[in-house]
Amino acid sequence: MQASPEPLRYDPATRRLNLDPHAPAFVQDPYAAYRFLNAEGGLFFWEDYGFWCVSSFEAVGRLLRDRRLGRQALPGTRRPGGREHLAGFDAVEAHSLLELEPPAHTRLRSLVNRAFVSRQVERLRPRVESLANALIDGFEKDGAADLLSGFASPLPITVIAELLGVPPEMGAKMLDWSHAMVVMYMHGATREAEHAADRASRAFDAFIREQAAQRRRAPGDDLLSTLIAAQEGSQTLSEDELVSSVILLLNAGHEATVHQTGNAVRTILQQGGDPRRFFASPEATDATVEECLRFDAPLHMFKRIAYQPVEIGPQVTLRRGDVVGLMLAAANRDSRAFEAADRFDVARPDQKNLSFGAGIHFCIGAPLARLELQVALSTLFRRLPQIRLTEPPAYRDSYHFHGLERLAVAF
């Protein structure tokens, strides 16, 4: 039997896992724990969360597609008591595309998807490249930068703001609101963080409603105007659904991409040699981005609710209303699905990953995220091939988001 890595404690007889997601060793290297858990079968009850989790590539992919599991709270159930201070946050969440199931999910997704199909997204490539070059122009003369704040963060928030038609100059404020809100998806949010998330939700809500009012008076060629037109046409879209959908797109449209960009730069620089070799052609660029998505993903867990009894593994059946954790990043490193799973290898013959999820909740922004990563990474390393790390990058304590504190580089 293999020894479990610190600070993990695991009982194979009961499949109970004790592992503080805030433990420094786990924050900096969760993959040692994932290796162990996958070797133990990839099915465990995570005591710190209070629910069963699966981590094998096969099981995570299968359960993401299982319609007996979903995101939406069961009818007649209520959120835990004592959430009055989160009324603003909960109001936004209640109408979020991410939290809904068919038929409401199908209706909303069909409206939003028009802007995110690949042929529509591809038209953004020149604009993304122009933004990437402008950002590099801004810090290249200094000879050093924090690539997270100077490059990885402003690029996707500008792109999604322009796509939606909200003022890009509001990017910093929207980032503040988004950062405050996404803390609610992490383990062990404090009361102070909950109050901050609620304030941010209310401010974001008011901002989008004002933007919607302006678009009704003067429609534009943007996604917000498209959603408003649908609201007023034959497809029903409530004001609350409109606001929640736009907030979700703004939050999801940059948060994960920021972390994936930082993780990818770190990974590529750690390979040594000339980084331009990974971007020698469009095909090489595509392969590099896919391997970056597999190797060090920004989202490590999706939760699902059982709508009926579901057997998720040997002798483990979820009851109606039970939660299961689907471990995306652990699945991406499953040695049963990938040869030499812990090796960064852009020449893998069968490139695959679960970083965008699967099934009806597959990330609607995946085509945009892929394009942004392709353009941002290839442009960065083409412009600055001598780029190097000036301090060891450290990951933030923000499980189940997985991203760096900062990415200090010189060139």
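When reading the values below, keep in mind they use all heavy atoms of this one structure, side chains included, and skip hydrogens, waters and symmetry mates.
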Inset, instruction - Could you please spell out the steps behind the side-chain hydrogen bond (donor to acceptor under 3.5 Å, both in side chains) verdict for Asp342 and Tyr34? - result: CA-CA 11 Å; Asp342 291 320; Tyr34 296 161; over 6 Å; no
Inset, instruction - Please report the C-alpha distance between Phe44 and Tyr10 in whole Å, then the side-chain angles of each, then the deciding distance to 0.1 Å, and finally whether the ring-ring contact (aromatic ring centres under 6.0 Å, His included) criterion is met. - result: CA-CA 9 Å; Phe44 51 93; Tyr10 179 74; 7.3 Å; no
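- Without hydrogens or angle criteria, Arg215 side chain to Gln211 main chain gives a donor-acceptor distance under 3.5 Å.
- A search for side chain to side chain contact (heavy atoms under 4.5 Å, CB included) contacts involving Pro298 returns Ala256, His259, Gln260, not counting sequence neighbours.
- Listed by chain and residue number, His22, Tyr49 satisfy the ring-ring contact (aromatic ring centres under 6.0 Å, His included) test with His187 (two or more places apart in sequence, or in another chain).
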Legend entry - Working for side-chain hydrogen bond (donor to acceptor under 3.5 Å, both in side chains), residues Ser110 and Asn113: CA-CA 5 Å; Ser110 67; Asn113 193 53; over 6 Å; no
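- Rounding to the nearest 0.5 Å gives a distance of 9.0 Å between CD of Glu40 and CG of Leu8.
- Note: Arg35 CZ to Ser335 OG = 10.0 Å, rounded to the nearest 0.5 Å.
- Between His402 and Asn263, the side chains place no donor N or O within less than 3.5 Å of an acceptor N or O (distance only, hydrogens not considered).
- A 6.0 Å sphere centred on CD of Gln270 holds more than 12 heavy atoms belonging to other residues, nucleotides or ligands.
- Dense packing is recorded around CD of Glu122, with more than 12 heavy atoms of other residues, nucleotides or ligands lying under 6.0 Å away.
- A donor-acceptor distance shorter than 3.5 angstrom exists from the side chain of Thr288 to the backbone of Ala284, with no hydrogens or angles considered.
- Remark: Glu129 does not engage Arg125 in a salt bridge, criterion side-chain N to carboxylate O under 4.0 Å.
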Inset, instruction - Tell me, with the steps shown, if Ser55 and Asn38 meet side-chain hydrogen bond (donor to acceptor under 3.5 Å, both in side chains). - result: CA-CA 6 Å; Ser55 60; Asn38 276 331; 2.8 Å; yes
Legend entry - CA sep, side-chain torsions, deciding dist, call: Arg127, Val159, side chain to side chain contact (heavy atoms under 4.5 Å, CB included): CA-CA 8 Å; Arg127 176 57 178 151; Val159 171; 5.7 Å; no
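- Residues satisfying the side chain to side chain contact (heavy atoms under 4.5 Å, CB included) criterion with Ser178, sequence neighbours excluded, are Val182, Asn251, His254, Glu255.
- Judged as a side-chain hydrogen bond (donor to acceptor under 3.5 Å, both in side chains), and not counting sequence neighbours, the contacts of Glu291 are Arg294, Arg348.
- Expressed to the nearest 0.5 Å, how far CD1 of Ile247 lies from CG of Leu242 amounts to 9.5 Å.
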Legend entry - From CA spacing to verdict: side chain to side chain contact (heavy atoms under 4.5 Å, CB included), Leu373, Thr285: CA-CA 9 Å; Leu373 289 164; Thr285 298; over 6 Å; no
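- One finds a salt bridge joining Asp137 and Arg383 here, because a Lys/Arg side-chain nitrogen approaches an Asp/Glu carboxylate oxygen to under 4.0 Å.
- Within a 6.0 Å radius of CG in Asp221, no more than 12 heavy atoms belonging to other residues, nucleotides or ligands are found.
- For the pair Glu241 and Arg107, the salt-bridge criterion is met [side-chain N within less than 4.0 Å of a carboxylate O].
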Distance-only check: which donor-acceptor pairs under 3.5 Å involve side-chain atoms of residues 272-279, not counting sequence neighbours?
{"unit_1": "Asp274", "atom_1": "OD1", "unit_2": "Arg276", "atom_2": "N", "d": "2.9"}
{"unit_1": "Asp274", "atom_1": "OD1", "unit_2": "Arg276", "atom_2": "NE", "d": "3.1"}
{"unit_1": "Asp274", "atom_1": "OD2", "unit_2": "Arg276", "atom_2": "NE", "d": "3.2"}
{"unit_1": "Asp274", "atom_1": "OD2", "unit_2": "Arg276", "atom_2": "NH2", "d": "2.9"}
{"unit_1": "Arg277", "atom_1": "NH1", "unit_2": "Gly272", "atom_2": "O", "d": "2.8"}
{"unit_1": "Arg277", "atom_1": "NH1", "unit_2": "Asp274", "atom_2": "O", "d": "2.9"}
{"unit_1": "Arg277", "atom_1": "NH2", "unit_2": "Gly272", "atom_2": "O", "d": "3.0"}

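- Judged as a side-chain hydrogen bond (donor to acceptor under 3.5 Å, both in side chains), and not counting sequence neighbours, Arg109 has no contacts.
- Remark: side-chain polar atoms of His400 are paired, donor with acceptor, to backbone N or O of Tyr185 under 3.5 angstrom.
- The ring-ring contact (aromatic ring centres under 6.0 Å, His included) check on Phe207 picks up Trp177, with sequence neighbours excluded.
- Enclosure of atom NZ in Lys173 is not indicated, since only 12 or fewer non-hydrogen atoms of other residues, nucleotides or ligands lie within 6.0 angstrom.
- Side-chain atoms of Asn133 and Ser130 include no donor-acceptor pair closer than 3.5 Å.
- No more than 12 heavy atoms of other residues, nucleotides or ligands shown are found within 6.0 angstrom of CZ on Arg67.
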Name each donor-acceptor pair under 3.5 Å that joins a side chain in residues 198-205 to protein atoms two or more places apart or in another chain, with its distance.
{"unit_1": "Asp198", "atom_1": "OD1", "unit_2": "Ala87", "atom_2": "N", "d": "3.3"}
{"unit_1": "Asp198", "atom_1": "OD1", "unit_2": "Gly88", "atom_2": "N", "d": "2.7"}
{"unit_1": "Asp198", "atom_1": "OD1", "unit_2": "Phe89", "atom_2": "N", "d": "2.9"}
{"unit_1": "Asp198", "atom_1": "OD2", "unit_2": "Arg202", "atom_2": "NE", "d": "2.8"}
{"unit_1": "Ser201", "atom_1": "OG", "unit_2": "Ala197", "atom_2": "O", "d": "2.7"}
{"unit_1": "Asp205", "atom_1": "OD1", "unit_2": "Arg209", "atom_2": "NE", "d": "2.5"}
{"unit_1": "Asp205", "atom_1": "OD2", "unit_2": "Arg209", "atom_2": "NH2", "d": "3.4"}

Check residues 403-411 and write down every donor-acceptor pair under 3.5 Å in which the side-chain atom is one partner and the other belongs to a residue at least two apart or another chain.
{"unit_1": "Arg406", "atom_1": "NE", "unit_2": "Glu391", "atom_2": "OE2", "d": "3.0"}

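- Every side-chain hydrogen bond (donor to acceptor under 3.5 Å, both in side chains) that Glu210 has, sequence neighbours left out, goes to Gln214.
- Of the inter-residue distances, the one linking Asp296 atom CG with Thr267 atom OG1 reads 5.0 Å to the nearest 0.5 angstrom.
- Of the possible polar contacts, none joining the Ser225 side chain to the Pro219 backbone as a donor-acceptor pair under 3.5 Å is found.
- For Trp52, the ring-ring contact (aromatic ring centres under 6.0 Å, His included) partners two or more places apart in sequence, or in a different chain, are Phe45.
- A distance-only check finds no donor-acceptor pair linking the side chain of Glu162 to the backbone of Pro168 [under 3.5 Å].
- A donor-acceptor pair is defined here as one N or O able to donate and one able to accept, closer than 3.5 Å; such a pair exists between the side chain of Arg333 and the backbone of Phe295.
- A donor-acceptor pair is defined here as one N or O able to donate and one able to accept, closer than 3.5 Å; no such pair exists between the side chain of Asn332 and the backbone of Asn353.
- The structure places CZ of Phe26 at 10.5 Å from CG of Asp397, a figure rounded to the nearest 0.5 Å.
- Aromatic ring pairs are classed by plane angle as parallel below 30°, tilted from 30° to 60° and perpendicular above 60°; the pair His300 and Tyr399 is perpendicular.
- With sequence neighbours left out, Asp142 forms a salt bridge (charged side-chain N to carboxylate O under 4.0 Å, His left out) with no residue at all.
- Counting only heavy atoms from C-beta outward, the side chains of Arg9 and Ser4 never approach each other to under 4.5 Å.
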Inset, instruction - Just do the side chain to side chain contact (heavy atoms under 4.5 Å, CB included) check on Arg15 and Asp11 with the steps written out, would you? - result: CA-CA 5 Å; Arg15 291 183 282 201; Asp11 181 354; over 6 Å; no
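- Here the CZ atom belonging to Arg266 is positioned 15.0 Å from the OG1 atom belonging to Thr261, to the nearest 0.5 angstrom.
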